[in-house]
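Notes follow the structure.
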Protein chains: 2
Amino acid sequence: MNKKQVSNEHHHFPWDHPRFRSWIAVARACQLMQQTLTRRLAHLDIKPPHLDILINLYRFDGITQQELARKLLVGRSNMSMLLPQLEKRGLIERRGDARDKRILRLSLTAAGRVLTEEAMEIQTALIDDSHGGAPIEDCMKIAESMERMIAVLLKEDRELS
Amino acid sequence: MNKKQVSNEHHHFPWDHPRFRSWIAVARACQLMQQTLTRRLAHLDIKPPHLDILINLYRFDGITQQELARKLLVGRSNMSMLLPQLEKRGLIERRGDARDKRILRLSLTAAGRVLTEEAMEIQTALIDDSHGGAPIEDCMKIAESMERMIAVLLKEDRELS
DNA sequence: TGCTTTTTGTTCATCCTTGTACAATCATGT
DNA sequence: ACATGATTGTACAAGGATGAACAAAAAGCA
């Protein structure tokens, strides 16, 4: 009659575990969010990965490619593929560092800043839309859970390197 | 001194909005989860997309490629690329339907079922690990929030078609 | 100083994902 | 029955992400 008995029955399928079901929902929501954001950004001719980059350049002017890749949880080679595109479009600038000639410091151009602000408004509008007026406290709770998970998973990452 | 005054100041940057910060955390957690799962599944020679397919075949035997693609929120062409691989490896079977010759009905082979069970254990273990003993009620609350978002975003999807 | 190791960014091959165009089959309406 | 439109799966080209191999530059150390 207690919890242990109930959970020791035959139905040990993953989708019967609350945590599993919950995580599947999170993953699907992320997926849908990406797809919807892709559609809403289409007229600006950028995609979510580009926006991630632009937002970080907006916040952290002069960041390096390495730091940027680490923040976005992607490989350095990914930045090497995407950043030249944004540079050619005149949205960002890459300047070599005087002290360390390996480093390229990134910053937004005026045009890049304008486009980033426009895109960020689209993203925040989408986030507000999709949350459908859910209470802020729920968001805070979710953020805490997610940040705990991120910490755990990042620790596993470090240990492998 | 009240909340309204505080939030009406100059700092209308997205990352000052609780919902925005919360969603970024969700997205990053998903990303990390995928990467970690990829590593933990490597020795089975499958990746998260394959596991998604296998789990759905495990649950819904005889599903069609179309239905599978819809459940996974991916395009039909994606299934056309991945399923032949799994079929060649002897993990799944594709049989034509008698009544509707367009349809291919999918099912797991014995080997596929074994591998799926093994992979599902890895995934549930990872989910449990990463949640670090967080209370089940929190997971349920998160699941509810995410499912509400999914409903909203899916509705926008339908309206576009 | 000179040698080794580490860090930073690029290049390349590979795979995943998408969208479009297409062929086959079915459903619908006349 | 027959023409039209919808649905299902495939083929192909294009773009994004990854990891490994690589060159240049810096840091550590004898």
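Letters A, B, ... mirror the listed sequences (proteins, then strands); counts begin at 1.
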For this session: Mind jotting down which residue pairs meet the side-chain hydrogen bond (donor to acceptor under 3.5 Å, both in side chains) criterion with at least one end in residues 141-154 of chain B? Sequence neighbours excluded, please.
Result: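 side-chain hydrogen bond (donor to acceptor under 3.5 Å, both in side chains) check on residues 141-154 of chain B returns no pairs.
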For this session: Nearest whole angstrom, please: distance from the C1' of C:dC16 to the CD of A:Q34.
Result: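 Nearest whole value for this atom pair: 15 Å.
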Exercise. Whole Å only: how far is the CD atom of A:Q35 from the C1' atom of C:dT17?
Worked result: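 Atom CD in A:Q35 sits about 10 Å away from atom C1' in C:dT17.
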In chain order, what residues pass the salt bridge (charged side-chain N to carboxylate O under 4.0 Å, His left out) check against [X], with sequence neighbours excluded?
{"X": "A:E117", "value": "none"}
{"X": "A:D61", "value": "none"}
{"X": "A:R70", "value": "none"}

Go through the structure and list residues passing side chain to side chain contact (heavy atoms under 4.5 Å, CB included) with [X], not counting sequence neighbours.
{"X": "A:T38", "answer": "A:P48"}
{"X": "A:D52", "answer": "A:L72, B:R28"}
{"X": "A:K47", "answer": "A:P49, A:H50"}
{"X": "B:T36", "answer": "A:L153, A:E156, B:R39, B:R40, B:L126"}

Can you list, pair by pair, the side-chain donor-acceptor contacts under 3.5 Å of residues 73-87 of chain B, counting residues two or more places apart and other chains?
residue : atom : partner : partner atom : Å
B:E87   : OE1  : B:R94   : NE           : 3.2

For this session: Give a yes or no on whether A:R95 atom CZ has more than 12 heavy-atom contacts from other residues, nucleotides or ligands under 6.0 Å away.
Result: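 Not buried by this count: 12 neighbours or fewer within 6.0 Å.
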For this session: Starting from the 5' end of DNA chain D, give me the residue, A:V74 or A:K101, whose nearest nucleotide shows up first.
Result: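 Upstream on the strand: A:V74.
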Problem set entry | Selection: residues 23-33 of chain B, any non-hydrogen atom under 4.0 Å of DNA chain C |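 Correct list: empty, so none.
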For this session: Spell out protein contact along nucleotides 1-15 of chain C as letters: B when the base is contacted, S when just the sugar-phosphate is, - when no protein heavy atom is under 4.0 Å; keep the 5' to 3' order.
Result: ------BBBBB----
Exercise. Nucleotide range of DNA chain D contacted by chain B, 5' to 3', under 4.0 Å to a heavy atom?
Worked result: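 Answer, 5' to 3': D:dT7 to D:dT18.
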